[in-house]
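Notes follow once the structure below has been shown.
Both counts, for ligands and for their atoms, begin at 1 and track the order of listing. For reference, positions follow the sequence shown, starting with 1.
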Amino acid sequence: MKKVAEKVRVRIAPSPTGYMHIGLARTALFNYLFAKRHGGVFVLRIEDTDVERSTKEFDADILDALSWLGMVWDEGPMKDGSLKGEYGPYRQSERTDMYEKYIRQLLDESKAYRCFCTKEELEAQRAYFSSQGLPPKYAGTCASLSTDETAERVAKGVPSVIRFRTPAKTVKFHDLIRGDVSFDTGLFGDMVIAKDERTPLYNFAVVVDDALMHISHIIRGEDHLSNTPKQILMYETLGFSVPVYAHIPLILGVDRSKLSKRHGAQAVTEYRREGYLPEAIVNFMALLGWNPGTEQELFSLDELCHIFDIERVSPSGAAFSVQKLEWFNAQYLKRLSVTELAQRCEPYLIVAGLVPAHGADMAFLENVIALERERIKKMSDIVELADFFFRSPSYNPELLIWK
Ligand code: GLU
């Protein structure tokens, strides 16, 4: 493994627009392991600028799921409402002043400009480029408006957005997983970086945040690969040093299509509810794309922190199999004593109404568990497996009447 010289600071930057899913949890895990392996810092930042889709419930779910999985973050919002770390606030909605400062700087230096093109004009431009077989980028109509002209339109209240003056060049970077990558900026043209001074878009806000939080390595899903050159341009223009990138492969279903519920993928909280153990989920996720280079399959989080090597993550998609997850869970459940497993299974039986709310006869339940434990893949399975032991036999007495 190559030496990682500088102080490692990594982050996950989830948007609280849904429950934490397995893809985000795995990105978090790889970041966490990388930080631990290199004595670094793992930061949690909440990208909650999409006010319509972001909710407090999803925000809290991210914090809960991370804690449950054992990935304690070193900086970020805490569950008690406090903040930990010196580069906060750690929610984008509270960082507007910082974005505004840099957007104004770009406008003042004419590295960004106001664009007044209407939706219809932009659509017509796109249609024209597509018809010519060219990438559908912005034609640059407002790029040469004079300061006076711009000021006049603003004064008249003409709606506008802020575009970055994209320099024509090839952006090159070395990805720790994918090797050398290069993009020609001519493909994307002058991009919109903000709706106005206080409303930045993702590619701009993420750079300001990552730079001000001194993030050294960006480990994220491959779906962001095409955003990376845009972000590198932003780093360069704002005079920040560019971090190191590692784009991890997407998680696919066993049929190699995009992972969905159909493949058994669900939110972490849902797995928790069904009776999966966090140790099993962590172990399962670690092997989604990463390969330890040995035959070993069972790893504790602590062990992973010592051996995880980002350069052993494969660039090709990792297949999610619910059977494999169940297998890991069964391995970890087997490590529990009968007494422990009985205690953990009891709430499922209570919810199912098979044992009274005040609790089960534990001696009896332990006997049941001892008989069934080989078949338990997740704790909720106990309901179906043990149903028989808790119901008094019922039958239709008429069936017994000999006619
Ligand atoms: N909020 C973005 C996402 O959830 C963050 C992407 C990134 O890591 O830069 O996809």
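Arg262 and Ser257 share a donor-acceptor pair across their side chains, judged by distance under 3.5 Å alone.
Looking only at side-chain heavy atoms (C-beta outward), Gln125 and Thr141 come within less than 4.5 Å of each other.
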Please table the atom pairs, donor to acceptor, closer than 3.5 Å between any side-chain atom in residues 241-254 and protein atoms at least two apart or in another chain.
{"unit_1": "His247", "atom_1": "ND1", "unit_2": "Asp175", "atom_2": "OD2", "d": "2.6"}
{"unit_1": "His247", "atom_1": "NE2", "unit_2": "Thr228", "atom_2": "OG1", "d": "2.9"}

I'd like a table of donor-acceptor pairs (distance under 3.5 Å, sequence neighbours excluded) in which one partner is a side-chain atom from residues 181-193, with atom names and distances.
{"unit_1": "Asp184", "atom_1": "OD1", "unit_2": "Gly186", "atom_2": "N", "d": "3.0"}
{"unit_1": "Thr185", "atom_1": "OG1", "unit_2": "Pro167", "atom_2": "O", "d": "2.7"}
{"unit_1": "Thr185", "atom_1": "OG1", "unit_2": "Lys169", "atom_2": "N", "d": "2.9"}
{"unit_1": "Thr185", "atom_1": "OG1", "unit_2": "Lys169", "atom_2": "O", "d": "3.1"}
{"unit_1": "Asp190", "atom_1": "OD1", "unit_2": "Thr166", "atom_2": "N", "d": "2.9"}
{"unit_1": "Asp190", "atom_1": "OD2", "unit_2": "Tyr113", "atom_2": "OH", "d": "2.6"}

Without placing hydrogens or testing angles, list every side-chain donor-acceptor pair under 3.5 Å for residues 351-366, not counting sequence neighbours.
{"unit_1": "Asp361", "atom_1": "OD1", "unit_2": "Ala363", "atom_2": "N", "d": "3.2"}
{"unit_1": "Asp361", "atom_1": "OD1", "unit_2": "Phe364", "atom_2": "N", "d": "3.2"}

Enumerate the pairs of nitrogen or oxygen atoms, one from ligand 1 and one from the protein, separated by less than 3.5 angstrom; state names and distance to 0.1 Å.
{"unit_1": "ligand 1", "atom_1": "1 (N)", "unit_2": "Ala13", "atom_2": "O", "d": "2.8"}
{"unit_1": "ligand 1", "atom_1": "1 (N)", "unit_2": "Ser15", "atom_2": "OG", "d": "3.2"}
{"unit_1": "ligand 1", "atom_1": "1 (N)", "unit_2": "Glu47", "atom_2": "OE1", "d": "2.7"}
{"unit_1": "ligand 1", "atom_1": "8 (O)", "unit_2": "Arg11", "atom_2": "NH1", "d": "2.6"}
{"unit_1": "ligand 1", "atom_1": "8 (O)", "unit_2": "Arg11", "atom_2": "NH2", "d": "3.4"}
{"unit_1": "ligand 1", "atom_1": "9 (O)", "unit_2": "Arg11", "atom_2": "NH2", "d": "3.0"}
{"unit_1": "ligand 1", "atom_1": "9 (O)", "unit_2": "Tyr202", "atom_2": "OH", "d": "2.6"}
{"unit_1": "ligand 1", "atom_1": "9 (O)", "unit_2": "Arg220", "atom_2": "NH1", "d": "2.8"}
{"unit_1": "ligand 1", "atom_1": "10 (O)", "unit_2": "His224", "atom_2": "NE2", "d": "2.8"}

Phe34 and Phe308: ring pair (Phe, Tyr, Trp, His ring centres under 6.0 Å), yes or no, with the steps? CA-CA 7 Å; Phe34 186 77; Phe308 180 76; 7.4 Å; no
